Amino acid sequence: MLYIYNTLSRIKQPFKPLHEGRVGMYVCGPTVYGDAHLGHARPAITFDILFRYLKHLGYKVRYVRNITDVGHLEHDADSGEDKVAKKARLEQLEPMEVVQYYLNRYHHDMEALNVLPPSIEPHASGHIIEQIEYIKKIIESGYAYESQGSVYFDVAKYNKDHNYGKLSGRNIDDLLSTTRELDGQDEKRNPLDFALWKKAAPEHIMHWPSPWSEGFPGWHLECSTMGEKYLGEEFDIHGGGMDLMFPHHECEIAQSVAAKGHDTVRYWMHNNMITIAGKKMGKSYNNFITLEQFFKGEHPLLTRPYSPMVIRFFILQAQYRSTVDFSDSALQAADKALQKMLDGYRRLQALVPAEKSSVELPDFAAKCYEAMDDDLNTPMVIAELFEACRYINQATDGQITLDAADIDKLKSLFQTFLIDLLGIRVDSAAGEADSKTTKAFEGAVDLLMDVRKNAKAAKDWTTSDLIRDRLAALGFDVKDTKNGVEWKIK
Ligand code: ZN
């Protein structure tokens, strides 16, 4: 039985879907005005593991991950400029060009990380009509008001009837006393009220007609609207990063309770955050490392490139609710650990079965299922796979023997847990092995060049000509230049 930690109830609960055999899950997706960085990788990988596991358990899963392409504002959720619109203005592009450009890059990064595409990837900008209808319902229920062409959610009124803050555990009175005054708040009855619809300023390039003004929807609204549209008025799982718990998800709950009279989501799940060398990721720390920078090794905090599988493996070495601290040395350790795991996998494929097993294998699969069922405890799964590697290595070295049935069991263990559920690509490891071979090959040719150089210096023309001629016969083009010898394959 799968247990997942529900942020709302604050306990691990047995997972029971609303409809037998089917699961609806919604995860807050990227805001597409910049390249994906590490902060995007963790929720994507966390919920990819959940998606894979639920499907493995036999559920038909509808996984919705939205694209935020409107209403995500600078400063806070209610004021400032739309981030997509700002990028479009600065780069003289259509807003949808900005969205498509970064969305393509996001997909490319996710593919590299072996994150499966969701079932539906709806754009906020494609659901303006639905969002307007949703606002109308909240106004009808009395929990929203119009003010100078904008519509705000009435937090204080809502909190009197319901509990605003139940997800994040925040106390609204504390919030009221700590909320600072912001621009445009004179439109609001209360500084905590959040925008459902914003009237567009004249320079704002993304706007739509509505009963209240030419404007655009507030950010929190898209997830309530699209979640309901694709998963129904009640659905199983809503996920996202812990940073979205407040205010984003708190506002989503308030919106759905206001519009429908009840909660929409049964299980709220939040992955913890990633720090970099002990610090929060933030512009002021200059430590935003994009995924592409990781893959290419192009950042002052990195000593070399790291393959997407190393990043994925590193993230999975921690349970999703614990913090992860990224550093170059931690990544090097993850790389080593992954190579060790892949060595075990390769040795397993090459094992020759013995007549009889000389040891009794532990029930690794049962232990791995137990770990996955315990709120997706991926580090535990990895530990079990390493333990399995120990047996494989012993069998390879001849210290123990394994029969065909045991070898098959281990093969299916690695297929299920390493490849299918943890989503580690073993073929890209082969790619890495290829690049190792290439490096060794280039080093060997360079070595021959050095030998030839020494031979020439010693006026040993026989040796130097032999090397040149034999390499030429093999298809090498060797040239003596001012800077030394250059070679390539013709
Ligand atoms: Zn959301």
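All ligand and atom numbering here is 1-based and tracks the order in the structure. The model shown is predicted, which means the values in this text are computed figures rather than measured ones.
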Legend entry - Check: D335 and R304 side chains under 4.5 Å, non-hydrogen atoms: yes

Legend entry - Neighbouring protein N, O or S atoms of the Zn ion (ligand 1), below 2.8 Å: 3

Legend entry - Pairwise ring-ring contact (aromatic ring centres under 6.0 Å, His included) hits with a residue in residues 301-343, at least two apart: F294-F326, F314-F326

Inset, instruction - Applying salt bridge (charged side-chain N to carboxylate O under 4.0 Å, His left out), name anything that partners K199, two or more places apart in sequence or on another chain. - result: none

Inset, instruction - Could you tell me which residues satisfy salt bridge (charged side-chain N to carboxylate O under 4.0 Å, His left out) with R89, sequence neighbours excluded, listed by chain and number? - result: E81

Legend entry - Side-chain (D373) to main-chain (Y3) donor-acceptor, under 3.5 angstrom: no

Inset, instruction - Go through the side-chain N and O atoms of N114 and R425 and say whether any donor and acceptor fall under 3.5 Å apart. - result: yes

